[in-house]
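Data block below; observations after.
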Amino acid sequence: LFWDRRELERKADPIPTLQKNMLRIAGERLRAMEERYRELATDRVPQRLSRTLLRLGGQIGRPVGGGLLIELSQEHLAQIVGTTLFTVSRQLSAWATLGLVEARREAVLVRGAGRLAAIAEERPASLHS
């Protein structure tokens with residue numbers, strides 16, 4: 001659904017709280033988009049993928065068997081993360097051997113959210129100096 005810009009402005013003009021909330025939401029989305037661009041430019045794939053899985057877990061994940069099920073294909077994850085399907089598949093396989101995730105058909109079950117959060121925050125050695 002969407003509203004015509006002029007109609008939305010007309011309805012929001014007399015309601016300052018609505019204007020304030022619209023601006024806040026737009027600002028939050030802009031910050032999130034800037035953060036995704038920063039991640040693409042500066043972070044390695046494991047950090048981007050772990051951060052993406054954690055973010056998606058909070059947005060669309062549903063509890064299943066002691067983990068969070070994210071119903072997206074590995075191909076979709078690769079597109080979101082900005083890498084290849086092969087790279088995502090290889091990383092998920094490595095994490096599966098550690099018990100952090102379980103790759104399923106058209107889904108990923110996150111089992112080790114705490115460890116994924118630690119991976120998300122890791123920085124290459126060259127960035128520590």
Side-chain angles (χ1 to χ4, degrees):
L1 294 172
F2 69 93
W3 286 4
D4 175 71
R5 181 183 54 85
R6 288 184 202 97
E7 180 68 15
L8 183 59
E9 287 172 355
R10 188 178 67 72
K11 290 187 181 298
D13 274 345
I15 309 170
T17 303
L18 180 57
Q19 292 175 348
K20 182 178 169 185
N21 285 338
M22 288 170 38
L23 187 58
R24 180 186 52 78
I25 290 168
E28 287 171 0
R29 290 187 179 182
L30 179 59
R31 275 189 296 284
M33 187 173 27
E34 287 174 339
E35 181 64 17
R36 299 303 82 73
Y37 280 120
R38 187 210 50 80
E39 288 173 6
L40 282 170
T42 63
D43 291 350
R44 298 181 338 239
V45 170
Q47 285 72 39
R48 294 194 324 252
L49 182 57
S50 59
R51 204 172 282 124
T52 297
L53 288 172
L54 293 170
R55 187 170 42 251
L56 290 172
Q59 293 171 349
I60 63 170
R62 62 182 174 90
V64 172
L68 273 178
L69 185 67
I70 301 166
E71 296 187 77
L72 279 178
S73 69
Q74 290 182 26
E75 184 175 357
H76 282 114
L77 280 172
Q79 291 171 357
I80 292 168
V81 172
T83 192
T84 65
L85 171 60
F86 175 76
T87 301
V88 166
S89 177
R90 186 179 57 209
Q91 187 64 63
L92 291 177
S93 292
W95 287 346
T97 62
L98 298 173
L100 303 180
V101 299
E102 182 181 314
R104 296 183 174 183
R105 183 173 175 83
E106 302 295 316
V108 175
L109 181 65
V110 174
R111 294 194 178 279
R115 178 64 183 124
L116 285 181
I119 292 168
E121 296 308 315
E122 289 176 2
R123 297 283 182 240
S126 63
L127 295 179
H128 291 296
S129 8

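Note that these values count all heavy atoms, side chains included, but never hydrogens, waters or copies made by symmetry.
- Partners of Arg38 under the side chain to side chain donor-acceptor pair (under 3.5 Å) rule, at least two apart in sequence or in another chain, are Glu35, Thr42, Asp43.
- Under the 4.5 Å side-chain heavy-atom criterion for grouping Ile, Leu, Val, Met, Phe, Trp and Tyr, Ile60 is connected to Leu53 within one hydrophobic cluster.
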Quick one: side chains of residues 15-31, donor-acceptor pairs under 3.5 Å with protein atoms, not counting sequence neighbours, listed by atom name and distance.
{"unit_1": "Gln19", "atom_1": "NE2", "unit_2": "Ala12", "atom_2": "O", "d": "3.2"}
{"unit_1": "Gln19", "atom_1": "NE2", "unit_2": "Asp13", "atom_2": "O", "d": "3.3"}
{"unit_1": "Asn21", "atom_1": "ND2", "unit_2": "Thr17", "atom_2": "O", "d": "3.4"}
{"unit_1": "Arg24", "atom_1": "NH1", "unit_2": "Glu28", "atom_2": "OE2", "d": "3.0"}

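- For the atom pair CD (Gln74) and OG1 (Thr84), the distance works out to 11.0 Å, reported to the nearest 0.5 Å.
- Under the rule for a salt bridge (Lys or Arg N to Asp or Glu O under 4.0 Å), the partners of Arg62 that lie at least two apart in sequence or sit in another chain are Glu71.
- Among residues two or more places apart in sequence or in another chain, the side chain to side chain donor-acceptor pair (under 3.5 Å) test is passed with Glu75 by none.
- Note on Leu85: it does not cluster hydrophobically with Leu49, by side-chain heavy-atom contacts below 4.5 Å among ILVMFWY residues.
- Between Leu54 and Ala120, the shortest heavy-atom contact is CD1-CB, 4.4 Å.
- Applying the side chain to side chain donor-acceptor pair (under 3.5 Å) criterion to Arg90, with sequence neighbours excluded, gives no partner residue.
- For the residue pair Ser73 and His76, the shortest heavy atom distance occurs at OG-ND1, 2.9 Å.
- Applying the 4.5 Å side-chain rule to ILVMFWY residues, one finds Leu69, Leu109 in the same cluster as Val64.
- Scored by the side chain to side chain donor-acceptor pair (under 3.5 Å) test, Arg48 finds no partners at all (sequence neighbours excluded).
- With sequence neighbours left out, the side chain to side chain contact (heavy atoms under 4.5 Å, CB included) criterion links Ile80 to Thr52, Leu56, Leu72.
- No side-chain heavy atom of Gln47 sits under 4.5 Å from any side-chain heavy atom of Glu39.
- Closest heavy-atom contact between Pro46 and Ile119: O-CG2, 3.7 Å.
- Salt-bridge check for Glu9 with Arg6: failed, with every basic side-chain N at 4.0 Å or more from each acidic carboxylate O.
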Using distance only, find each side-chain donor-acceptor pair of residues 92-102 under 3.5 Å and give its atom names and separation, not counting sequence neighbours.
{"unit_1": "Ser93", "atom_1": "OG", "unit_2": "Ser89", "atom_2": "O", "d": "3.0"}
{"unit_1": "Thr97", "atom_1": "OG1", "unit_2": "Ala94", "atom_2": "O", "d": "2.6"}
{"unit_1": "Glu102", "atom_1": "OE1", "unit_2": "Arg111", "atom_2": "NE", "d": "3.4"}
{"unit_1": "Glu102", "atom_1": "OE1", "unit_2": "Arg111", "atom_2": "NH2", "d": "3.1"}
{"unit_1": "Glu102", "atom_1": "OE2", "unit_2": "Arg104", "atom_2": "NE", "d": "2.9"}
{"unit_1": "Glu102", "atom_1": "OE2", "unit_2": "Arg104", "atom_2": "NH2", "d": "3.3"}

